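If you're wondering where the values come from, they're calculated on a predicted model, not measured in any experiment. Residue numbers begin at 1 in each chain, while the letters A, B, ... track the order of the sequences.
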Number of protein chains: 2
Amino acid sequence: MIVQVKIQEQCFLKDPDSSELGQNIIANSISLIDEVGFEAFTFKKLAQRIESTEASVYRYFENKHKLLIYLVSWYWNWLDYRLTFAMHNISSPKRRLEIFVEHITQPVKVDPTFGHIDEVALHRIVISESSKVYLTKEVDADNEDGYFISFQKLVKELSMIVRELNPKYKFPSALISTVIESAHFQRFFSTHLCALTESDSESSLEKFLKHMLFSTISSTK
Amino acid sequence: MIVQVKIQEQCFLKDPDSSELGQNIIANSISLIDEVGFEAFTFKKLAQRIESTEASVYRYFENKHKLLIYLVSWYWNWLDYRLTFAMHNISSPKRRLEIFVEHITQPVKVDPTFGHIDEVALHRIVISESSKVYLTKEVDADNEDGYFISFQKLVKELSMIVRELNPKYKFPSALISTVIESAHFQRFFSTHLCALTESDSESSLEKFLKHMLFSTISSTK
DNA sequence: TAAAGTATGATAGTATTACTATTATAAAAA
DNA sequence: TTTTTATAATAGTAATACTATCATACTTTA
C-alpha cells in the first residue's frame with residue numbers, strides 16, 4: 001500500500017514527489033532551513049548542497065516562500081493523517097481532544113513511511129517558521145489560491161470535536177487555532193525566551209494546554 | 001511635563017528621538033512598513049521617502065531588523081505605560097486583567113503625546129510583524145543583548161496579577177503570553193483567514209479572550 | 001572669533017540575492 | 001529512431017544590504 005501526503009498543486013511548478021531531484025530538494029531544504037533559518041536559506045545554497053543548479057530548483061518552486069508553504073502544508077496533512085489514525089474508534093470527544101494535544105506537544109518521531117522527510121527537523125521548522133507563511137502582504141491572494149487549506153481543514157475538523165463536547169461554546173475554531181499556535185510559540189519560548197513561560201518540558205506544555213483547552217470549553221460562565 | 005517612551009540603547013546606533021531626522025526615520029518607517037510589509041521594506045525606499053540617503057539611515061540603525069525591534073519595543077513600552085495608568089487605583093485583580101484584555105483588543109487611538117508616532121499604524125505592524133523580531137536564528141544572541149526586555153517586563157507584570165487572582169495556578173506567564181499572541185493572530189485571522197476564527201469584531205475577540213483567560217485561571221480541575 | 005567636532009548629504013562601490021534566459025546533453029517515451 | 005523531457009551549465013540582470021569616502025553645513029568650545 002502506498003501512503004502519500006498530497007499537497008495542493010498550486011504551490012509547486014512540478015511535483016517534487018515525482019522525481020529523485022524533487023525529493024532531494026524537499027529533503028535538503030528541510031535540513032538547510034533547519035540549520036540556517038528561513039531568512040538565510042537560498043535556492044543557491046540548496047542547489048550547492050544537492051549538487052544541482054539554482055535553475056533546476058526553480059523548475060520545482062517559484063520561490064522559497066512557495067517551498068515553505070509546501071513544507072508546512074505537508075506537516076499539517078501528515079498531522080491530520082496521524083490524528084485520524086489515533087482517534088479512530090475513540091468515541092469520547094474529550095479523549096479525542098486529549099489525543100490532539102498530546103500529538104502537538106509530544107516529541108515528533110521520524111515516520112519511516114516517508115523516507116526522504118525528516119519529520120523531527122520539519123517540526124522544528126514548523127515551530128519557528130510556519131507563521132511566516134501567512135504573515136505577509138500577499139496573504140489574501142495566497143489564501144484565494146488555496147495555499148492554507150491544509151491548516152484550515154485541520155482546524156475545522158478539531159473544532160467539530162469541540163462542538164461535540166460543548167455545543168453552546170461560541171469560539172471552537174478560535175480556540176483550536178489558539179491552542180495550535182500556542183503550542184508552537186510556547187515551545188519556542190521555553191527554548192529561547194524562558195521568561196515568557198513556565199513550561200520547560202513537553203509534559204508541562206501538555207498540562208498547560210490541556211488545562212486551558214478543557215477549562216475554556218467547559219466553563220459556562 | 002515630558003513623557004517619553006525610552007527604548008533600550010542597544011538596538012540603535014544613535015537615538016532616533018534625539019534629532020529631526022531620527023524622528024522622521026521612525027515616523028516614515030512606520031508608514032512604509034504598514035504599506036508594503038516588513039519583507040519589502042528597505043532602507044533605500046525609506047531614504048527616498050524622507051528625502052535623505054541610505055547612509056544616513058544606517059547611522060541610526062544597523063539594519064532593518066534592529067529598527068523593527070525598536071518599533072515593537074516602543075509599542076510594548078507604550079502599552080505598559082497606558083496599562084499602568086488605567087489600572088491605577090483599581091484594587092480588584094480581576095478588573096485589572098479585564099482592563100488588560102480590553103486594551104489589547106479594542107481599537108488603538110492615536111496618542112497626541114507622541115507627535116511623530118502613528119500608533120494605529122504601529123499596532124497593525126505589531127499584529128503582523130512583531131513575532132518576526134524573535135522568530136530568527138539570532139534570537140538567543142538578541143535576547144542576551146536585552147532586546148526583548150520590554151515584552152518580558154509586560155508579561156511579568158501581568159502574570160503577577162494572575163497570581164494575585166489564583167496563587168495556585170501554575171502557568172501565569174504562559175497564559176499571559178498566549179493571550180497577547182492570540183490577540184494578534186486572531187485579529188489577523190479575522191481580517192485575512194476567517195475560516196480559522198469565529199471572532200469577527202473587536203468585541204467578540206474581547207469576549208473570546210476574557211472567557212478563555214478567566215476560565216483558565218479559575219478552573220481548579 | 002577661530003578651530004574643532006558633529007551631523008548629514010552625495011556619491012561610489014561590493015557581495016549577495018532573487019530571479020530569467022539560453023544552450024547543451026543525457027535519458028526516457030513514442 | 002526520433003522526439004520529448006529533464007537536468008546541467010553558463011550567463012546575465014535588477015535589487016538588496018550593506019561599507020567607505022569626501023564635502024559641507026551647522027554647533028560647540030577654547
Side-chain angles (χ1 to χ4, degrees), chain A residues 9-29 32-33 35-71 116 129 132-133 136-138 141-142 147, chain B residues 9-29 32-33 35-71 116 129 132-133 136-138 141-142 147:
Chain A
E9 297 186 5
Q10 314 87 289
C11 75
F12 51 74
L13 300 169
K14 179 175 154 64
D15 187 352
D17 228 34
S18 69
S19 75
E20 222 189 296
L21 178 64
Q23 298 190 357
N24 241 292
I25 288 173
I26 298 307
N28 286 279
S29 61
L32 188 53
I33 294 173
E35 280 169 39
V36 304
F38 186 64
E39 278 71 36
F41 168 83
T42 67
F43 278 2
K44 189 167 200 171
K45 290 176 195 164
L46 174 63
Q48 275 159 6
R49 179 172 288 223
I50 59 178
E51 286 174 310
S52 177
T53 62
E54 238 184 310
S56 298
V57 178
Y58 274 105
R59 267 182 224 110
Y60 284 82
F61 291 98
E62 227 179 296
N63 52 51
K64 68 175 185 171
H65 189 248
K66 295 275 162 77
L67 171 56
L68 184 63
I69 291 175
Y70 180 94
L71 296 177
H116 60 296
E129 320 286 0
K132 295 172 189 169
V133 306
T136 71
K137 283 284 167 185
E138 293 77 37
D142 286 353
Y147 291 136
Chain B
E9 296 186 5
Q10 314 90 289
C11 75
F12 51 74
L13 301 169
K14 180 174 153 64
D15 188 353
D17 229 34
S18 70
S19 74
E20 221 190 298
L21 179 62
Q23 299 191 356
N24 241 292
I25 287 173
I26 298 306
N28 286 279
S29 60
L32 188 53
I33 294 174
E35 280 169 38
V36 305
F38 186 63
E39 278 71 35
F41 168 83
T42 68
F43 279 2
K44 189 166 200 172
K45 290 176 194 163
L46 174 64
Q48 275 160 7
R49 180 172 287 222
I50 60 179
E51 286 175 311
S52 177
T53 62
E54 238 183 310
S56 298
V57 177
Y58 274 103
R59 272 184 214 110
Y60 284 81
F61 292 98
E62 228 179 296
N63 51 51
K64 68 175 186 170
H65 189 246
K66 295 276 162 75
L67 172 57
L68 184 63
I69 290 174
Y70 180 93
L71 295 178
H116 59 298
E129 320 285 0
K132 296 172 190 169
V133 306
T136 70
K137 283 284 167 184
E138 295 76 39
D142 286 353
Y147 291 138

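- A heavy atom closer than 4.0 Å to some atom of DNA chain C occurs in no member of residues 13-22 of chain A.
- Evaluation of the ring pair (Phe, Tyr, Trp, His ring centres under 6.0 Å) rule for A:Phe43 yields A:Tyr58 as partners, not counting sequence neighbours.
- For A:Glu35, the salt bridge (Lys or Arg N to Asp or Glu O under 4.0 Å) test picks out A:Arg49, with sequence neighbours left out.
- For A:Glu62, the salt bridge (Lys or Arg N to Asp or Glu O under 4.0 Å) partners two or more places apart in sequence, or in a different chain, are A:Lys66.
- Partners of B:Asp17 by side-chain hydrogen bond (donor to acceptor under 3.5 Å, both in side chains), not counting sequence neighbours, listed by chain and number: B:Gln4.
- Scored by the side-chain hydrogen bond (donor to acceptor under 3.5 Å, both in side chains) test, B:Tyr70 finds no partners at all (sequence neighbours excluded).
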When you compare the protein's N or O atoms with those of nucleotides 25-30 of chain C, which come within less than 3.5 Å of each other, and at what distance?
none

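- Around NZ of A:Lys137, the count of heavy atoms belonging to other residues, nucleotides or ligands within 6.0 Å exceeds 12.
- Remark: the backbone N or O of A:Gly22 is not paired with any side-chain donor or acceptor of A:Lys14 at under 3.5 angstrom.
- With sequence neighbours excluded, the residues satisfying side-chain hydrogen bond (donor to acceptor under 3.5 Å, both in side chains) with A:Thr53 are A:Ser56.
- Taken residue by residue, residues 53-69 of chain A places heavy atoms nearer than 4.0 Å to DNA chain D at A:Thr53, A:Ser56, A:Arg59, A:Tyr60.
- Sorted pairs that involve residues 51-60 of chain A and meet salt bridge (charged side-chain N to carboxylate O under 4.0 Å, His left out), not counting sequence neighbours, are lacking altogether.
- Heavy-atom minimum distance, A:Thr136 versus A:His65: CG2-NE2, 3.8 Å.
- For B:Ser19, the side-chain hydrogen bond (donor to acceptor under 3.5 Å, both in side chains) criterion is met by B:Tyr60, not counting sequence neighbours.
- For residues 41-52 of chain B, proximity to DNA chain C is found at B:Ser52, defined as any non-hydrogen atom under 4.0 angstrom from a strand atom.
- Listed for the A:Lys64 side chain is a donor-acceptor partner under 3.5 Å among the backbone atoms of A:Glu39.
- Whole-Å rounding puts the B:Asn24 CG to C:dA7 P distance at 17 Å.
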